[in-house]
Amino acid sequence: MEIDIPESHPRAESLKTREMLIEGCKENVVAYAGLIAHGRGEAFDYLIGEKTIPSASRAVQAAAAALLAAKHAVISVNGNTAALTPGEIVKLSEVTGALIEVNLFYRTPEREEAIGKVLKKAGAGRILGIGSAASARIPELESERRRVDPGGIFIADVVLVPLEDGDRTEALVKLGKKVITIDLNPLSRTAQLSSISIIDNVVRAMPLMILEAGKLREKSYNDLCTIIKSYNNRKTLKKAISHIASRMNSLARKGVYIKLVS
Ligand code: ATP
Ligand code: MG
């Protein structure tokens with residue numbers, strides 16, 4: 001790490017996360033645009049209150065059930081997720097049986113390799129989507145963004161796409177896939193178009209998904225389907241937006257004062 005962040009720093013967690021992304025950028029895992037995307041996420045996290053809200057926990061439960069009930073689930077990994085939660089990606093794949101596929105917006109062979117290396121170091125076995133393995137094409141998308149693995153996302157019925165772009169989410173939904181996303185912005189096209197949107201930081205949501213999948217693992221297929229069917233994504237988005245609105249209203253009413261400790 002470039003700088004030493006004292007535990008007592010009021011924003012230590014957030015600064016550590018930034019440092020992980022900066023390191024990832026140096027190792028060619030994170031794209032420059034990934035740093036900017038993180039900034040947008042951080043802004044929403046500030047508004048949310050940097051805590052997992054109840055509607056996000058409900059979405060996590062539905063997402064875990066969907067991954068477990070899937071015939072062919074895939075976790076799509078981009079640079080930011082690989083830099084922030086490599087161990088959690090591997091654990092979630094182990095608990096749910098979902099495959100891991102590297103899928104990048106800014107795809108270069110070097111970045112694919114660098115991300116593959118990070119995942120291997122975290123304990124991953126088979127990793128799809130690297131190099132010539134990404135030989136299938138998603139219709140409707142242009143150039144390198146459309147490349148996927150024919151044994152992975154191409155044939156998947158459920159895809160977890162943490163921090164995805166709206167266009168690609170739309171293309172996956174149009175192909176009939178159940179799309180699960182983790183996105184701090186309830187207003188993003190990705191959050192609005194996905195089947196299950198976890199409005200939370202990927203750093204908090206991934207460990208929760210692992211816990212939840214561990215709990216639901218013994219459930220029958222029918223029980224999992226009941227959880228999935230009773231889930232309503234429009235409600236999740238409405239709850240996240242009204243959480244932000246009421247939090248902002250309450251802070252506006254009370255006023256915000258930071259007291260200096262003398
Ligand atoms: P969309 O294309 O879906 O409309 P966008 O163009 O605003 O969204 P992108 O850059 O395509 O955003 O994708 C990045 C998304 O990831 C943003 O919505 C941002 O809020 C979210 N994000 C960034 N960092 C995190 C994080 N650590 N945890 C969860 N979400 C994050
Ligand atoms: Mg976008």
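Keep in mind that what you see is a predicted model, and the values were worked out from it rather than measured. Every number for a ligand or one of its atoms is a count from 1 in the order of the listing. Any value given below was found using the heavy atoms of this structure, including those in side chains, with hydrogens, waters and symmetry copies removed.
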Counting only protein N/O/S atoms, those under 2.8 Å from the Mg ion (ligand 2) total 1
Look at K91 together with E88 and state whether they make a salt bridge at an N to O cut-off of under 4.0 Å. no
K177 atom NZ: more than 12 heavy-atom contacts under 6.0 Å: yes
Starting from the N and O atoms of ligand 1, collect every protein N/O partner closer than 3.5 Å and put each pair on its own line with the distance to 0.1 Å.
from, atom 1, to, atom 2, distance (Å)
ligand 1, 2 (O), D165, OD1, 2.9
ligand 1, 2 (O), G166, N, 2.8
ligand 1, 3 (O), G166, N, 3.2
ligand 1, 3 (O), R189, N, 3.4
ligand 1, 3 (O), T190, N, 2.8
ligand 1, 3 (O), T190, OG1, 2.5
ligand 1, 4 (O), R189, N, 2.9
ligand 1, 7 (O), R40, NH1, 2.4
ligand 1, 11 (O), D165, OD1, 3.2
ligand 1, 18 (O), D183, OD1, 2.9
ligand 1, 18 (O), D183, OD2, 3.2
ligand 1, 20 (O), D183, OD1, 3.2
ligand 1, 27 (N), N201, OD1, 2.9
ligand 1, 28 (N), N201, OD1, 3.4
ligand 1, 28 (N), V202, N, 2.9
ligand 1, 30 (N), L184, N, 3.1

Can a salt bridge be assigned to the pair R18 and E42 using a cut-off of 4.0 Å between side-chain N and carboxylate O? yes
Closer than 4.0 angstrom, basic N to acidic O: yes or no for K16 and E13? yes
Can you confirm whether R107 is buried at CZ, in the sense that more than 12 heavy atoms of other residues, nucleotides or ligands lie under 6.0 Å from that atom? yes
For S230 and R58, what are the C-alpha separation, side-chain angles and deciding distance, and is it a side-chain contact (heavy atoms from CB on, under 4.5 Å)? CA-CA 10 Å; S230 67; R58 179 77 187 87; 3.1 Å; yes
Run N78 and T81 through side chain to side chain donor-acceptor pair (under 3.5 Å) and show every step you take. CA-CA 6 Å; N78 67 4; T81 352; 2.3 Å; yes
Can you tell me if K238 has over 12 outside heavy atoms packed within less than 6.0 Å of its NZ? no
Do any N or O atoms from the side chain of E101 and from the backbone of D149 form a donor-acceptor pair under 3.5 angstrom? yes
